[in-house]
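Note that these values count all heavy atoms, side chains included, but never hydrogens, waters or copies made by symmetry. Throughout, residue positions are numbered sequentially from 1 according to the sequence presented.
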Amino acid sequence: MWKKISFLIFSTVLFASCHDDDGPSVERVDVPEEEWYAGGKLGTVFNETSFAYEQPSLAVENTGMAQAFKMGEYFFENEYNENKDGAFCGLGPLAVRRGCLYCHPSYGHGKRQTEYRASRHGNGYLLVITDETDTYLSSLTGMPQTLATPPFKAPIDETKIRIDWLPHTDEWGNKFPDGEAYDLIYPEVTIPEDAYYVPLEVTKNGQTTPVPHANVRVKLESTIGVYGTGLLDAIPDGELLAEYIRQEEAGVSLNPAIYANRQWTGPYAGADGVPYARRFTYALSRGPLQDGAGANAIWNITNVTRSNRRYHYMTAAYAKVASQDSEVQAGFYRSFPDRDKTGEVEKDIYSYLMATDLDVEMSDDNYRDFMIWHRGLAVPAARNLDDPVVDKGKTLFREIGCATCHRPSWTTGDDVIHDPSGFFAENDSRLPRYPHQKIWPYSDMVQHRLFMKNDIRTGWCRTTPLWGRGLSLLVTGASDRLYDCRARTVIESIMWHGDSRSDARKSIEEFRILSKEERDAIVKFIESI
């Protein structure tokens, strides 16, 4: 209970607690009150402790949802298991992780890893496995699984996955004009052919074809913090479209698979068939939060079924291989005594793995509480904004163009609840809402290209919100940044934006010629928001 520190207590000491001890007294800078409230008045918590990412928003407390929020938190923090009669049952038969905290340590960004182990806390990595054209292998799930419950076997033997961190030297020799040096590293991931339990295949235009192992590409994508996602969901679709239009008119290159000529070319559509703006994940693969990354992950990461997902996160290619495996066949009826037995074990295994009418393992009430928690997480307030050095960094951040992509603020709309999956009704009163809040995520919610060495799949990556990231070292024990945790410091993250083809190139050229004092001021500002 003590880790949940009241919003009201902290807000009463706002100007005494929103900056670190600066030692000798210094003249403070006048800062507009709204800038301290990173998540607006309804979505900000004034908490700088190691529990800063875990706090309920005022929108939760004001609507009497605190107990439901706490219940939802249990499903995020606990591990799932194979015990069919106990708590948190339903894991498998395949899984990416046993629980959410493995990927989101203390609710934050994943940590850089030197080996891939699904059971290691902080390993936020998801494997991205494609052919040479960036097409996902259809024989594996989009988020490949490395865990399995007996008698089943994992699609990939994770003990054979190798992550090598290699040095990178940029065109400036990893050195600023004044002589200060920095290091850059990036990951190369290799998986030998004998690590795959399934065939290597892709499906294009309805045709499935083998992929030679030499043509397989493996990348890493790490998780981001889960706090504040309800606030991002409250930004109106029309405002997101307006931002794309603004950038198009300014001559910014935009992903044609998502947007072109003042309209969406690939909007997100769920089961309801309604088009929505894409806003979540690096790839912008998800629309509204109620059908977004968390709503998806609580099902497919652990393979725990619910009333609107009564099927496994599974590929037909895996089901075929597993159903024909003599060792799986030998243990199937013993492990699943309640399954119908036709006498044809191969057929029974395949039917189980591909079934669409499985028992519900996560109740509707539990899922509702989970989404109250997910939508109800507050954002830590900004810190140290009245420090003259931080204020100088903020000015420089904007002057050199960083705020072009890391747009400082948005204003939420009526916060109309949308759920393409149909579980929640429009404007569902069961969820916390954030109408008409000025929020400060420092993201334009648009994809850009940085052309980094061994870049993200497709090269297009959503601008990651910066709010709260300065607390990452305290909260999670690591401050790794960028989509695969290649940046260990803010400076490294900035300099990975500097490729000659990068959308951020001009800003990096400006950053390089600043004095060390000015560069440090920008870093201090970024760590304060």
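- A donor-acceptor pair shorter than 3.5 Å cannot be found between the side chains of Lys219 and Thr130.
- Shown here is Lys453, whose NZ atom has no more than 12 heavy atoms of other residues, nucleotides or ligands within 6.0 Å.
- In this structure, the separation between CD on Gln113 and CG on Asn123 is 4.5 Å, given to the nearest 0.5 Å.
- For the pair Glu361 (side chain) and Thr305 (backbone), a donor-acceptor distance under 3.5 Å is present.
- Of all heavy-atom pairs spanning Thr44 and Ala378, the tightest one is C-CB, 4.3 Å.
- Between the side chain of His448 and the backbone N or O of Asp503 there is no donor-acceptor pair closer than 3.5 Å.
- Listed here is the closest heavy atom pair of Thr135 and Val202: O-CG1, 4.1 Å.
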Margin query: Let's go through Tyr483 and Thr223 carefully: what are the C-alpha distance in whole Å and the side-chain angles of both, what is the deciding distance for side chain to side chain contact (heavy atoms under 4.5 Å, CB included) to 0.1 Å, and is it a yes or a no?
Written below: CA-CA 8 Å; Tyr483 73 93; Thr223 51; over 6 Å; no
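- Under the 3.5 Å distance criterion, with hydrogens and angles disregarded, no donor-acceptor pair is assigned to the side chains of Ser443 and Thr463.
- Contact detail for Ile349 and Ser323: the closest heavy-atom pair is CG2-CA, 3.6 Å.
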Next item on the list: Show your working on side chain to side chain contact (heavy atoms under 4.5 Å, CB included) between Ile508 and Ile494 and close with a plain yes or no.
Entry: CA-CA 7 Å; Ile508 303 310; Ile494 291 171; 3.7 Å; yes
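- Around the CZ atom of Arg117, the shell of radius 6.0 Å holds more than 12 heavy atoms that belong to other residues, nucleotides or ligands.
- Arg488 places a side-chain heavy atom less than 4.5 Å from the side chain of Asp183.
- Proximity of a side-chain donor or acceptor of His104 to a complementary backbone N or O of Ile224 within less than 3.5 Å is detected.
- One side chain, Glu158 or Thr146, offers a donor N or O that lies under 3.5 Å from an acceptor on the other.
- Ring geometry for Phe511 against Phe176 counts as perpendicular: the plane angle is over 60°, on a 0 to 90° scale with 30° as the lower cut.
- Separating the CG atom in Leu284 from the CD atom in Gln447 is a distance of 4.0 Å, to the nearest 0.5 Å.
- Side chains of Leu240 and Glu243 form no contact here, defined as non-hydrogen atoms less than 4.5 Å apart.
- Between the side chain of Arg217 and the main chain of Asp131, no donor-acceptor pair closer than 3.5 Å is present.
- Ring centers of Tyr276 and Tyr268: at least 6.0 Å apart, outside the cut-off.
- Seen from the ring of Trp410, Arg407 counts as a face-on cation partner, given the 6.0 Å and 45° thresholds.
- Nearest approach of Gly122 to Pro105, heavy atoms of both residues: CA-CG, 3.9 Å.
- Between Asn296 and Arg309, the side chains place a donor N or O and an acceptor N or O closer than 3.5 Å (distance only, hydrogens not considered).
- Side-chain atoms of Asn366 and Arg368 form no donor-acceptor pair, as typed in the model, at a separation below 3.5 Å.
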Margin query: Determine whether Glu201 and Val211 satisfy the following criterion, side chain to side chain contact (heavy atoms under 4.5 Å, CB included), listing intermediate values before the conclusion.
Written below: CA-CA 5 Å; Glu201 299 171 340; Val211 177; 5.5 Å; no
Checklist line | Worked check of salt bridge (Lys or Arg N to Asp or Glu O under 4.0 Å) between Arg120 and Glu115 | finding: CA-CA 10 Å; Arg120 178 169 296 165; Glu115 60 181 6; 2.6 Å; yes
Item checked: From CA spacing to verdict: ring-ring contact (aromatic ring centres under 6.0 Å, His included), Phe75, Tyr80 -> CA-CA 9 Å; Phe75 295 98; Tyr80 287 83; 7.1 Å; no
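- A donor-acceptor contact shorter than 3.5 Å is absent between the side chain of Arg462 and the backbone of Tyr282.
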Checklist line | ring-ring contact (aromatic ring centres under 6.0 Å, His included) evaluation trace for Tyr311 with Trp299 | finding: CA-CA 10 Å; Tyr311 50 92; Trp299 162 68; 5.1 Å; yes
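- At least one cation-pi condition fails for Arg486 and Tyr186: the charged atom is not both under 6.0 angstrom from the six-membered ring centre and inside a 45 degree cone around its axis.
- In this structure, Tyr227 and Trp467 have tilted ring planes: the angle between them lies in the 30° to 60° band.
- No donor-acceptor contact under 3.5 angstrom links the side chains of Tyr196 and Asp157, judged on distance only.
- Between the Asn303 side chain and the Leu94 main chain, a donor and an acceptor come within less than 3.5 Å of each other.
- Between the side chains of Asp325 and Tyr197, a donor-acceptor pair is found at a separation under 3.5 Å.
- For the atom pair OG1 of Thr133 and CG of Asn215, the computed distance is 9.5 Å after rounding to the nearest 0.5 Å.
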Checklist line | Phe423/Tyr367 under ring-ring contact (aromatic ring centres under 6.0 Å, His included): CA gap, chis, key distance, verdict | finding: CA-CA 10 Å; Phe423 184 91; Tyr367 176 59; 4.8 Å; yes
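- Sorted by first and then second residue, the pairs that involve residues 118-165 and meet ring pair (Phe, Tyr, Trp, His ring centres under 6.0 Å), not counting sequence neighbours, are Tyr102-His121, Phe152-Phe336.
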Check: side chain to side chain contact (heavy atoms under 4.5 Å, CB included) between Leu127 and Glu221: does it pass, once the steps are laid out?
Finding: CA-CA 7 Å; Leu127 297 168; Glu221 287 185 13; over 6 Å; no
Next item on the list: Please report the C-alpha distance between Arg469 and Asp480 in whole Å, then the side-chain angles of each, then the deciding distance to 0.1 Å, and finally whether the salt bridge (Lys or Arg N to Asp or Glu O under 4.0 Å) criterion is met.
Entry: CA-CA 10 Å; Arg469 288 303 312 279; Asp480 304 310; over 6 Å; no
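- For Lys204, the NZ atom is densely surrounded, since the number of other residues' heavy atoms within 6.0 Å is greater than 12.
- Between Ser139 and Thr315, the side chains place no donor N or O within less than 3.5 Å of an acceptor N or O (distance only, hydrogens not considered).
- The two residues Val189 and Ile161 have their closest heavy-atom pair at CG1-CG2, 3.9 Å.
- For the atom pair CG of Asp291 and OG of Ser421, the computed distance is 4.5 Å after rounding to the nearest 0.5 Å.
- In this structure, Ser502 contributes its side chain and His497 its backbone to a donor-acceptor pair below 3.5 Å.
- Once rounded to the nearest 0.5 Å, the distance linking CZ of Arg97 with CG of Asn300 reads 12.0 Å.
- A side-chain N or O of Gln290 and one of Asp233 form a donor-acceptor pair less than 3.5 Å apart.
- Note that the CG atom of Leu231 and the OG atom of Ser57 stand 7.0 Å from one another [nearest 0.5 Å].
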Next item on the list: Could you walk me through whether Glu327 and Lys153 pass the salt bridge (Lys or Arg N to Asp or Glu O under 4.0 Å) test, one step at a time?
Entry: CA-CA 9 Å; Glu327 293 178 348; Lys153 302 175 183 179; 2.5 Å; yes
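- At least one donor-acceptor pair closer than 3.5 Å links the side chain of His406 to the backbone N or O of Tyr442.
- Of all heavy-atom pairs spanning Met362 and Phe370, the tightest one is CE-CB, 4.1 Å.
- Side chains of Arg449 and Ser253: a donor on one and an acceptor on the other come within 3.5 Å.
- Between Tyr107 and Glu77, the side chains place a donor N or O and an acceptor N or O closer than 3.5 Å (distance only, hydrogens not considered).
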